[in-house]
There are 2 protein chains.
Amino acid sequence: MTEQREPKVDRCRTIPEATVARLAVYLRALTALDEAGTHTVSSEELAAAAGVNSAKLRKDLSYLGSYGTRGVGYEVATLVGHISRALGLTHHRNVALVGVGNLGHALAGYAGFGTRGFRIVALFDADPARIGQRLHGLEVHGMNALAEVCQAEVVSIGVIATPAGAAQDVCDKLVAVGITSILNFAPIVLTVPGNVDVRKVDLAVELQILSFHEQRKAAGLEEVG
Amino acid sequence: MTEQREPKVDRCRTIPEATVARLAVYLRALTALDEAGTHTVSSEELAAAAGVNSAKLRKDLSYLGSYGTRGVGYEVATLVGHISRALGLTHHRNVALVGVGNLGHALAGYAGFGTRGFRIVALFDADPARIGQRLHGLEVHGMNALAEVCQAEVVSIGVIATPAGAAQDVCDKLVAVGITSILNFAPIVLTVPGNVDVRKVDLAVELQILSFHEQRKAAGLEEVG
DNA sequence: GCTTGTGAAACCGTTCACAGCG
DNA sequence: CGCTGTGAACGGTTTCACAAGC
């Protein structure tokens, strides 16, 4: 057997995937603290606000560097800066949204994006009846305008809010235009080239997971009672 | 605080958390296969449809029992049945939705729930202007009707689609009414008793995770080119 | 032959516990 | 003294590889 030693180019910039997801949550909590006028937090306090334990929080933050003060805690503003930089949020990112139906409509109007580093700059839909409409100050384009519009506005993330049947086709088009990050709300697994990142949100899956635990709780009670 | 040390009752019915999440995805893929008229799938095929590798899929299914046929594969209908049972989806579960703003509106109209084991049976909002309105055949109730309505309809899951500021209060009210499973769309960490399960969906967090990878890709290119 | 089901190994993430430092 | 930062231990998850069985 050939001893395949991993190249192990472990430059200090390696942040575990699980940590990345939590950094976003810490950022949210820190922003809230900042707005409340708090200047300093201990790992214990911030961990509570983020719903994790303090050891995990400290380890997560340690991947960014040593930005705390022993015996004191972390400066809120400093952490906000470092986490923002780590997540690539130093400048706003432009988002294109495809599918302006039920859910897409709601996403287009969601104010939370703007305050957290993102701006929806373009809307698309396949339905001729919707093309040309204006939603929250943006015109709905047809899919054939995808390339043109995405290059004019510098779009870095695509959001798919179409029915399942259209999603893979839309995805292929987004990839063809050069988009390499996709957030998918359609209940289907997308196939993409290796350089493209996809994250998915499936509401029914979330409910089904809750259903599983609900059932287990019911079974447990039955046994006891 | 309430340090609940689990007694570690490892009865054979223990399905790992990571597996539960994927079972829901398998179910989605199987339903699609079923509708397409497929009767039998191999682990390889189903794994591809679910976006995982086949070894993982087989191990996941093995927690439910041995329902495949060696040399052949799995019968679609059989698997659908077993996964549905495992997830507690043999009967429809009733869902209460709190917050009928932008997002809540979209969720109330999302047809995908009905076909996948759930039914939204009650809508609530704190805004007097919205109370009494009808949405997709359901009346919007005020928060003071929560107890009454949730007990009349047997609600097993609560969905919070309110602004962040209202979410913890709404959550407390749901818990008080006896709801032990909550899906939270508000960008805040909810505090709940130990017997209550919370799952959260934060759209901005998802985008920030994509942003991280997008940045890393950009950094990588810079280095090469 | 082919594909499932599964121990064992490798991997990753979390928790512990304490050294290090302000 | 208090809190951060971190090696080491632990537990859960994924992958490997092959025996079992149609």
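All chains are named by letter (A, B, ...) in the order of the sequence lines, taking the proteins before the strands, and each is independently numbered beginning at 1.
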Counting just side-chain N and O atoms, does B/K56 come under 4.0 Å of either OP1 or OP2 of D/dT15? yes

A/N53 side chain near C/dT15 phosphate (N/O to OP1/OP2, under 4.0 Å): yes

Can you tell me the distance, in whole Å, between the CG atom of B/L46 and the C1' atom of C/dG5? 15 Å

Specify the separation, in whole Å, of atom CG of B/D60 and atom C1' of C/dT6. 13 Å

Heavy-atom pair with the smallest gap, counting every atom of B/R116 and A/P187: NH1-CB, 3.4 Å

Gap between atoms CG and C1', on A/L57 and C/dT15 respectively (whole Å): 14 Å

Please confirm whether the shortest side-chain N or O distance from B/R58 to OP1 or OP2 of D/dA20 is below 4.0 Å. no

Between D/dA8, C/dT4, C/dG5, spot the one nearest the side chain of A/K59, thanks. D/dA8

Salt-bridge test for B/D169 and B/K173: reply yes if a basic N is under 4.0 Å from a carboxylate O, no otherwise. yes

Please report, rounded to the nearest Å, how far the P atom of D/dG5 is from the CG atom of A/L61. 8 Å

Of the candidates C/dT14, C/dT4, D/dT14, the side chain of B/S43 sits closest to C/dT4

Starting from C1' on D/dC22, measure out to OH on B/Y67 and report it in whole angstrom. 19 Å

Taking all atoms of both residues into account, what is the closest heavy-atom pair of B/L87 and B/L27, and its distance? CD1-CD2, 4.3 Å

Can you give me the closest heavy-atom contact between A/T40 and A/E45, atom names plus distance? O-OE1, 4.2 Å

Test side chain to side chain contact (heavy atoms under 4.5 Å, CB included) applied to B/A47 - qualifying residues, sequence neighbours left out: B/V52, B/S54, B/L57

Closest contact, heavy atoms only, B/I179 versus B/I182: CG2-CG1, 4.3 Å

Less than 4.0 angstrom from a charged side-chain N to a carboxylate O is my criterion; do B/R216 and A/D197 meet it? no

Neighbours of DNA chain C within residues 69-83 of chain B, by heavy-atom distance under 4.0 Å: B/T69, B/R70, B/G71, B/V72, B/G73, B/Y74

Residue mapping more 5' on DNA chain C - nearest nucleotide basis, A/T19 or B/A55: B/A55

